[in-house]
Amino acid sequence: MDMLAFSGCTRGCTEEEAEELKQLRYAFPWWKEKEIVSDEKRSQGLCPLTPEEAALILQALGIEKDMQIYIASGDIYGSERRLAALRTAFPKIVKKEMLLDPKELQQFQNHSSQMAALDFIVSTTSNIFIPTYDGNMARLVEGHRRYGGYKKTIQLDRRALVGLLDLHQNRTLSWDEFSAAVRELHEGRIGQPAHRRVIEDKPKEEDYFYANPHECLCESARCEP
């Protein structure tokens, strides 16, 4: 089954939806950042894509309209209103609730780690994986797909995409110019073999090992590509 596993956000929410998200941040102690300036975060490439933005990016990357698009739980926030643009562009949107019989899914309900495991299984086995955020799940899936034979994983450059999306939406960039720029931007970001960037004095800035376990994939002692 051809499938693109997709994960993605909150820009464009109604006031009620934005308030609901704020309450969720305060409800969970592990959610460290309670107050978020979304425009600032977005300009820095620190926000996932919205469903509307995701539709444009997937189309620009040449994803076929009839490909099934799997959305992991909670990754794209909002009601069907938020998903309308994405669903129009890619009608075959599926979630775990659609892939499993209700009785089969019931045993995993109320077990967040098990529900996340279902997302992990689909994401690691899909034809293409496109994470729109840098969470731990996305990194683990990316590393697993590399370890499984460098399955296609498009690592979105969200900071650069923000500029391209704004230019296209204010009609500075035509669709052809926009789509060409998006494809060129990601030519070298498809999960292919690559040395992991290591910064000895700045470990937080180096490549995450579990996303790119290159040292474990080398066939030679010198770890040459």
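One is the number of the first residue; the rest follow in order along the sequence.
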Quiz prompt | Pair D66 + K92: basic N to acidic O under 4.0 Å | solution = no

Quiz item: Y210 and H144: aromatic ring centres closer than 6.0 Å?
Solution: no

Exercise. Check whether any side-chain heavy atom of L118 sits under 4.5 Å from a side-chain heavy atom of L105, and report yes or no.
Key: yes

Quiz item: Rounded to the nearest 0.5 Å, how far apart are CG of L86 and CG of L58?
Solution: 6.5 Å

Quiz prompt | Closest contact, heavy atoms only, F129 versus A138 | solution = CE2-O, 3.8 Å

Quiz item: side-chain hydrogen bond (donor to acceptor under 3.5 Å, both in side chains) with D176: which residues, sequence neighbours excluded?
Solution: none

Quiz prompt | 4.5 Å side-chain heavy-atom contact, M67 and F90 | solution = no

Quiz item: CG/L56 to OG1/T50 distance, rounded to the nearest 0.5 angstrom?
Solution: 8.0 Å

Practice problem: Using the ring pair (Phe, Tyr, Trp, His ring centres under 6.0 Å) rule, collect all pairs that involve residues 162-181, keeping only residues at least two apart or in two chains. | Solution: H168-W175, H168-F178, W175-F178

Quiz item: Mind checking what makes side-chain hydrogen bond (donor to acceptor under 3.5 Å, both in side chains) contact with Q44, not counting sequence neighbours?
Solution: none

Self-check item: Donor-acceptor pair, side chain of R146 and main chain of Q192, under 3.5 angstrom
Solution: yes

Practice problem: State, yes or no, whether a side-chain contact exists between V141 and T153 at a heavy-atom distance under 4.5 Å. | Solution: no

Exercise. Compare all side-chain heavy atoms of Q114 with those of Q109 and state whether any distance is below 4.5 angstrom.
Key: no

Quiz item: Do any pairs count as a salt bridge (charged side-chain N to carboxylate O under 4.0 Å, His left out) and have a residue in residues 149-164, sequence neighbours left out, and if so which ones?
Solution: D134-R158

Self-check item: Candidate pair L61 and I130, rule side chain to side chain contact (heavy atoms under 4.5 Å, CB included), full reasoning
Solution: CA-CA 11 Å; L61 289 171; I130 304 181; 4.3 Å; yes

Quiz item: Could you give the distance from CD1 (I63) to CD1 (I154), rounded to the nearest 0.5 Å?
Solution: 5.0 Å

Self-check item: L99 side chain near Y70 side chain, heavy-atom distance below 4.5 Å
Solution: yes

Quiz item: Which residues pass the salt bridge (Lys or Arg N to Asp or Glu O under 4.0 Å) test with R139, sequence neighbours left out?
Solution: none

Self-check item: Any donor-acceptor pair under 3.5 Å from N212 side chain to A194 backbone
Solution: yes

Quiz prompt | Pairing of D166 and R42 as salt bridge, 4.0 angstrom limit | solution = yes

Quiz item: Got a second to check how far Q68's CD is from I93's CD1, nearest 0.5 Å?
Solution: 11.0 Å

Quiz prompt | Contact summary for N170 and L167, nearest pair of heavy atoms | solution = OD1-O, 2.7 Å

Quiz item: Is there a side-chain contact between Y150 and R145, using heavy atoms and a 4.5 Å cut-off?
Solution: no

Exercise. Would you list the pairs meeting side chain to side chain donor-acceptor pair (under 3.5 Å) in which at least one residue belongs to residues 178-188, sequence neighbours left out?
Key: none

Exercise. Examine distances only and state if a side-chain atom of Q107 and a backbone atom of K103 form a donor-acceptor pair shorter than 3.5 Å.
Key: no

Quiz item: Taking C-beta and beyond as the side chain, do I69 and V94 meet within less than 4.5 Å on heavy atoms?
Solution: no

Exercise. Please examine the side chains of I71 and L83, heavy atoms only from C-beta on, and report whether any two atoms are closer than 4.5 Å.
Key: yes

Exercise. Nearest 0.5 Å please: distance from the CG atom of L185 over to the CG atom of L161.
Key: 5.5 Å

Quiz item: Strictly by modelled atom types, are E177 and S174 linked by a side-chain donor-acceptor pair under 3.5 Å?
Solution: yes

